[in-house]
Protein chains: 2
Amino acid sequence: MDARKRSILQALTEDYILSAEPVGSRTLARKYNLGISPATIRNEMADLEEWGFLEQPHTSAGRVPSDKGYRFYVDELMARPAIGNDLLERIRATYQSRIRELEWFVHQTARLVSDITGYPSIVLAPAWELGIFSALRFVRLGKDSALLIMRTEDGLTQNRTVSIPSELSLAQLNDLAQEFSREFSGMAIRDLQNYILDPLSTSLRQHWALWQRALGWLGHGGGEDERMTVAGPLNILNYPEFNDIDKVRRVLGFLEQDKAVEQIAKTRPMAQGVTVLIGTETSVADIKDCSVVTATYRMGEAVVGRVMVVGPRRMQYAYVMTVLEVVSDELSKALKWA
Amino acid sequence: MDARKRSILQALTEDYILSAEPVGSRTLARKYNLGISPATIRNEMADLEEWGFLEQPHTSAGRVPSDKGYRFYVDELMARPAIGNDLLERIRATYQSRIRELEWFVHQTARLVSDITGYPSIVLAPAWELGIFSALRFVRLGKDSALLIMRTEDGLTQNRTVSIPSELSLAQLNDLAQEFSREFSGMAIRDLQNYILDPLSTSLRQHWALWQRALGWLGHGGGEDERMTVAGPLNILNYPEFNDIDKVRRVLGFLEQDKAVEQIAKTRPMAQGVTVLIGTETSVADIKDCSVVTATYRMGEAVVGRVMVVGPRRMQYAYVMTVLEVVSDELSKALKWA
DNA sequence: CATTAGCACTCCCCTGTGGCGAGTGCTAAT
DNA sequence: ATTAGCACTCGCCACAGGGGAGTGCTAATG
């Protein structure tokens, strides 16, 4: 692929990203100073199409980048401008709030990203069930209910109201919690559930029903909902390729459910840095017309969560990547002190 | 309005609810045993249109009920069949779970209702800020964070993590909480916020910053999000009148934001029972093509929340009303023991 | 020999036309 | 009062034709 083909592919991709219209040779020659005539561009485009970088919606339409074309553009062609100062300020300001709750960070980040980019965004909260169980604690609320507080070795906590047998005294509850903590501290939270359901494994079995009730939840680390936040899903309606009600249904349906997002997350390992998945690269049929940009964030040293942007394939890749880079970075910094 | 007009309006409305197609005189005569000819029906329909119960999308189309037509249908014409046993069982089964958390009820109810009816549903959680403050309590989590638990006289609790000055001992915290509780118990939660911000009102002012941080939240009763749950918003896409992308945007946008729902809730007082708002009766422009069915639920004796269904104007009113009646009833029963 | 002008060709899109069908309102007959 | 009959209206759809954007090919050009 020589320099001329590269610049044609780049110009075409950028034009299409802005216009959403198939780009023809004449347009390309007129708008971009390539120094060659439409006829030459046509020849080059024919090559690029043959090689799979471009596609034609139909004969006598302009060309459109294919997944492979976008991929090449993202990997090799596009410029990565530095982030603007205004934007940087805005992002930093978001994290300077006094509120230091994990859930708040997740919500704010999702909203911030979808606001800034104009695409739907998803933020996955720290994967609680991967944490290491440290201790358990009860706080009595009423005569037959208590707050169950679970804590990880990282210092994260989560709590929930459980109903308890009213004959248990506060002291007894505390004993139970201590015994449980002693027994299971150091274990991955994900595994808690399996252990507790084996009645032989613990001397706690006299209150088996209580534990069973409480730990179905503990093992999951709270409801599914709290682990994922979607912001701005309707942004997708602003892009003409989603004028089709069926496409809208697929994409919004995807954003609504929790599980598919995990599929995407699994496509790439939890490597640090910003990752791009284009069209079918996500291998999720519902969003085959979308691209996804993903970044991870850290808490201390460990990678604990993800920020994602879902948009049309003709996404503003460079911009989104830069935004996610900065956001995930600032978020990681903010979480360090949380 | 004589009996014949009534039966014509009823048949037409029911046919249109099922078919979404404007209904003509011939169809009406053929499908329903009205005992009169199309010509007579036409005359009657002309009257009904003149009186504002029917509308014609265009000359030479069939007729469609107007808001006024639906209103008359709902108030006077429609049959209210009893709920089926299967359905009743399903609803009851939902509330027989062991999980007794308020938030869980709200989520489950929203999902249940949208599943059963096939329309989007909204459930408003108990209006926390209307409750009466009873007591406050701290549970230390780490060296500079604590869990703040607030309790109402009804026995509802809510909690949140707050950061606290690390020099405060546990004993000091407890003293603070007790002092605060003594000072403010019996006050409506909604009013807490205003009082605490007046530095003269309390001897607690030495930890003013802490209280300020904590109580901005207490006064609101948690994030907005937790107070409202939407389930099945995409159900709206199944109805042909929402094939238009702009209508979809309006309705989904409405469901996404919190505030507009309150507008609707305010349209009708918190009276018990099931209420129907048709088309522009909601006076929310974004959902002028929708109808809303609303029911309230109780906790003990007091009405504390709402279950709502949002659907196209040609909604299955009778069915939805029956479902909401039963659901809100069962929910109220379940909450009595929560 | 790479580049480019020229040209025939393709195919989408828009518009206008005409037939069909559903439904109406009116009138006259029952 | 009801109804059959009929002319009329209008949306829908299929179809054809013109325009336009863009292409691939070929032959001319520097």
Side-chain angles (χ1 to χ4, degrees), chain A residues 1-9 11-16 18-66 69 240-241 243-244 314, chain B residues 1-9 11-16 18-66 69 240-241 243-244 314:
Chain A
M1 166 109 53
D2 59 9
R4 197 168 66 187
K5 282 200 175 61
R6 293 168 68 101
S7 55
I8 288 176
L9 181 52
L12 187 145
T13 305
E14 285 169 3
D15 196 82
Y16 183 68
L18 289 180
S19 71
E21 301 283 327
V23 187
S25 55
R26 166 189 294 268
T27 317
L28 232 37
R30 202 178 343 107
K31 285 173 68 175
Y32 302 86
N33 292 337
L34 300 175
I36 46 180
S37 77
T40 309
I41 295 178
R42 280 201 289 280
N43 287 328
E44 298 286 39
M45 290 204 298
D47 287 347
L48 287 169
E49 182 170 359
E50 196 178 337
W51 299 350
F53 293 99
L54 296 181
E55 283 167 355
Q56 240 177 332
H58 54 266
T59 345
S60 91
R63 257 91 170 191
V64 163
S66 65
E241 45 267 73
N243 266 346
D244 177 19
R314 54 176 197 92
Chain B
M1 167 108 54
D2 59 10
R4 197 169 65 187
K5 281 201 175 60
R6 292 170 69 101
S7 56
I8 288 176
L9 181 52
L12 186 144
T13 305
E14 284 168 4
D15 196 82
Y16 183 68
L18 289 181
S19 70
E21 301 283 327
V23 187
S25 56
R26 166 190 294 269
T27 317
L28 232 37
R30 199 172 352 102
K31 286 173 66 174
Y32 303 86
N33 292 337
L34 299 175
I36 46 180
S37 76
T40 310
I41 295 178
R42 280 203 288 282
N43 288 327
E44 299 286 39
M45 290 204 298
D47 288 346
L48 287 170
E49 183 171 358
E50 196 177 338
W51 299 350
F53 293 99
L54 296 182
E55 284 166 355
Q56 241 177 330
H58 54 265
T59 344
S60 92
R63 256 89 169 193
V64 163
S66 65
E241 44 267 74
N243 267 346
D244 178 18
R314 52 175 199 92

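Numbered from 1 within each chain, the chains take letters A, B, ... in sequence-line order. Below, all heavy atoms of this structure are taken into account, side chains as well, without hydrogens, waters or symmetry copies.
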Short N/O separations, protein against nucleotides 20-22 of chain C, under 3.5 angstrom:
none

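Here the range on DNA chain D touched by chain A, meaning any atom under 4.0 Å from one of its heavy atoms, is D:dA21 to D:dG24.
Checked against side chain to side chain donor-acceptor pair (under 3.5 Å), A:Thr40 has the following partners two or more places apart in sequence or in another chain: A:Ser37. Scored by the side chain to side chain contact (heavy atoms under 4.5 Å, CB included) test, B:Asn43 finds no partners at all (sequence neighbours excluded). Evaluation of the side chain to side chain donor-acceptor pair (under 3.5 Å) rule for B:Arg4 yields B:Glu44 as partners, not counting sequence neighbours. Shown here are the side chain to side chain donor-acceptor pair (under 3.5 Å) partners of A:Ser7, two or more places apart in sequence or in another chain: there are none. Not counting sequence neighbours, the partners of A:Asp47 by the side chain to side chain donor-acceptor pair (under 3.5 Å) test are A:Lys5.
Each end of the helix from C:dC1-D:dG30 to C:dT30-D:dA1 yields a helix axis from five base pairs, and these two axes differ in direction by 20° (to the nearest 10 degrees).
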Identify each donor-acceptor pair in which a side-chain atom of residues 48-62 of chain B lies under 3.5 Å from a protein atom, sequence neighbours left out, and give them as a table.
unit_1  : atom_1 : unit_2  : atom_2 : d
B:Glu49 : OE1    : B:Arg63 : NE     : 2.9
B:Glu49 : OE1    : B:Arg63 : NH2    : 2.8
B:Gln56 : NE2    : B:Ala61 : O      : 3.3

Which donor-acceptor pairs under 3.5 Å do the side chains of residues 20-34 of chain B make with protein atoms, sequence neighbours left out?
unit_1  : atom_1 : unit_2  : atom_2 : d
B:Ser25 : OG     : B:Arg42 : NH1    : 3.2
B:Lys31 : NZ     : B:Asp15 : OD1    : 2.7
B:Tyr32 : OH     : B:Asp15 : OD1    : 2.8

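Considering only heavy atoms from C-beta on, A:Met45 comes within 4.5 Å of A:Leu12 through its side chain. Between A:Ile36 and A:Ile8, some side-chain heavy-atom pair lies under the 4.5 Å cut-off.
Only A:Arg42, A:Met45, A:Gln56, listed by number, bring a heavy atom of residues 36-58 of chain A to less than 4.0 angstrom from any atom of DNA chain D.
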